[in-house]
Amino acid sequence: MIYDVAVIGAGIVGSAIARELAGHQLAVALIEARDDIGDGTSKANTAILHTGFDATPGTLESQLVRRGYQMLSEYASQTGIPVEHTGAILVAWDAEQLDTLPTLQDKAVANGYEKCDIIGADEVYAQIPHLGSGALGGLTVPDESIICTWTVNLALATDAVNRGAALLTGHRVEGIEVSEAHTTIRTSAGPVTARWVINAAGLGSDWLDGLFGHHRFTVTPRRGELIVYDKLARPLVDKIVLPVPTARGKGVLVSPTIYGNVMLGPTSEDLGDRTATGTSEAGLDFLLEKGRTLMPLLLEEEVTATYAGLRAAIDRSDYLIETSPGQRYVLVGGIRSTGLTAGMAIAEYVMGEMVSAGVVLTPAPELPDPPRMPNLGEAFPRPYQQQELIAADPAYGRIVCFCERVTEGEIRDACRSVIPPTGLEGLRRRTRVMNGRCQAFFCGAEVQSLLETAR
Ligand SMILES: Cc1cc2nc3c(=O)[nH]c(=O)nc-3n(C[C@H](O)[C@H](O)[C@H](O)COP(=O)(O)OP(=O)(O)OC[C@H]3O[C@@H](n4cnc5c(N)ncnc54)[C@H](O)[C@@H]3O)c2cc1C
């Protein structure tokens, strides 16, 4: 089998590209080293659907975040990906930051976002009553939203498979041989042959680029650690509380999560190890210190979990998407801290690159409807709350994970889905099971047994 296009990396970006390609008359392979999709950076981020108000105007990132916001918002309503349009307030804590607000407002306008307003301290406290003392003013960003990153990745990959893409998990790419007619991709599970190759390998994208003979950038894993507070903390804050961004990134925020918790983070620390996804004492101490200023009452709440993700930061300040027509190869690199939002727009942009390189993209005559995803959002009806659903299928009335109210019916559905989980972590991302305050202490054995029975 010679695929027309092979996409390497089944995170949000690669899955979005595979989905877009599979909407055309092309044989598409989505190649992933791990045994599940969405197990890299795309599973561990801050899960904010960004408007792009604070991007650097004129960059590709600014353009694609803005477009991605529109595309993902629309796709979320088609597929049931949970989104809450909470809005955000960027808070100024000193005179210098206060002076920056008009510049940030102008920047938002330059990025095509005109809804930011500067508000005084009274208004900030009216909207975020539990904010720590000392805020001097703020900038509103009414469309900044929270979303379920796990469902985004799963919906895009499921859609790609439903459209005919071959999902090749457990295929770690180890070598590349470009010949005149096609490219042979040597993987841990055997060779895959394709005419075009798209590199969407996130943290591994520079190494893979090297296999094509390029040495144009280096990925530095930039760790972001986060603390998740218990659901009882949720009444403290119903908006995203942002700091004034710095050259290092967006800074530490407090945000409600789509699962009904409150989150504090992320840190921003450059590492040498691309596998260091554990949290650290220093990182958590740093967050607690920030939290003490931002929202002291939050620190009195119970912590449910901590986690960390690695941004694929590169030695450039913009996305690096480049096509090598002679090699029939597209690099999608440097998708650092906005790829959840921009993924679908990146896919659209990559299509444009391929067309410019002479690839003929003929839309598929008929496409399946987008998948309808199970709702993991706390603000929307969950199966255990739906009498009619339970009457029709009592498995939706049998709660297995009591912290997160996940039912046997949802676990069964996940195990029978188009891309079933290969382990407990994958099941967690598909259902929220084991994600709550007991962290599987109570339900872990039963969940494991249900997973094994279903397989
Ligand atoms: C702390 C933090 C907070 C963030 N917050 C936000 C946010 O609020 N909003 C937002 O929009 N974005 C946010 N981001 C950014 C966003 O998460 C990323 O930009 C996005 O997930 C990148 O997706 P990806 O598909 O490029 O990478 P990944 O999800 O890492 O996918 C790459 C895939 O490639 C696979 N791969 C690598 N090498 C190989 C190989 N040799 N062979 C086969 N497969 C390979 C990997 O296993 C992986 O699955 C945040 C990131 C972090 C870390």
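On a predicted model such as this, the values are computed, not experimentally measured, just so you know. Order of listing sets the numbers, starting from 1, for every ligand and every atom in it.
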Practice task
With heavy atoms only and a cut-off of under 4.0 Å, state how Ala33 meets ligand 1: side chain, backbone, both or neither.
Solution key: both
Practice task
Note the single closest protein heavy atom to atom 52 (C) of ligand 1, along with its residue, its atom name and the distance in Å.
Solution key: Arg311 CG, 3.6 Å
Practice task
Around atom 38 (N) of ligand 1, find the nearest protein heavy atom and jot down its residue, atom name and distance.
Solution key: Ala201 CB, 3.7 Å
Fill in the blank from the handout: Under 4.0 Å between heavy atoms, the region of His50 that gets near ligand 1 turns out to be side chain
Handout entry: Arg223, portion touching ligand 1 at heavy-atom distance under 4.0 Å
Key = neither
Completion exercise
side chain to side chain contact (heavy atoms under 4.5 Å, CB included) with Met263: of Thr257, Val254, Ile146, only one passes, and it is Thr257
Practice task
Select one of side chain, backbone, both or neither to describe which atoms of Ala308 lie under 4.0 Å from any atom of ligand 1, heavy atoms only.
Solution key: neither
Handout entry: Side chains of His50 and Glu144, donor plus acceptor under 3.5 Å
Key = yes
Handout entry: Donor-acceptor side-chain pairing of Thr323 and Glu353 below 3.5 angstrom
Key = yes
Exercise for the section: Would you indicate which of Ile48, Val332, Asp36 comes nearest to atom 8 (O) of ligand 1 when only heavy atoms are counted? Expected result: Ile48
Practice task
Return yes if a side-chain donor-acceptor contact under 3.5 Å exists between Thr422 and Asp36, otherwise no.
Solution key: no
Problem - Protein contact of atom 40 (C) of ligand 1 - nearest heavy atom, named by residue and atom, plus distance - result: Val173 N, 3.8 Å
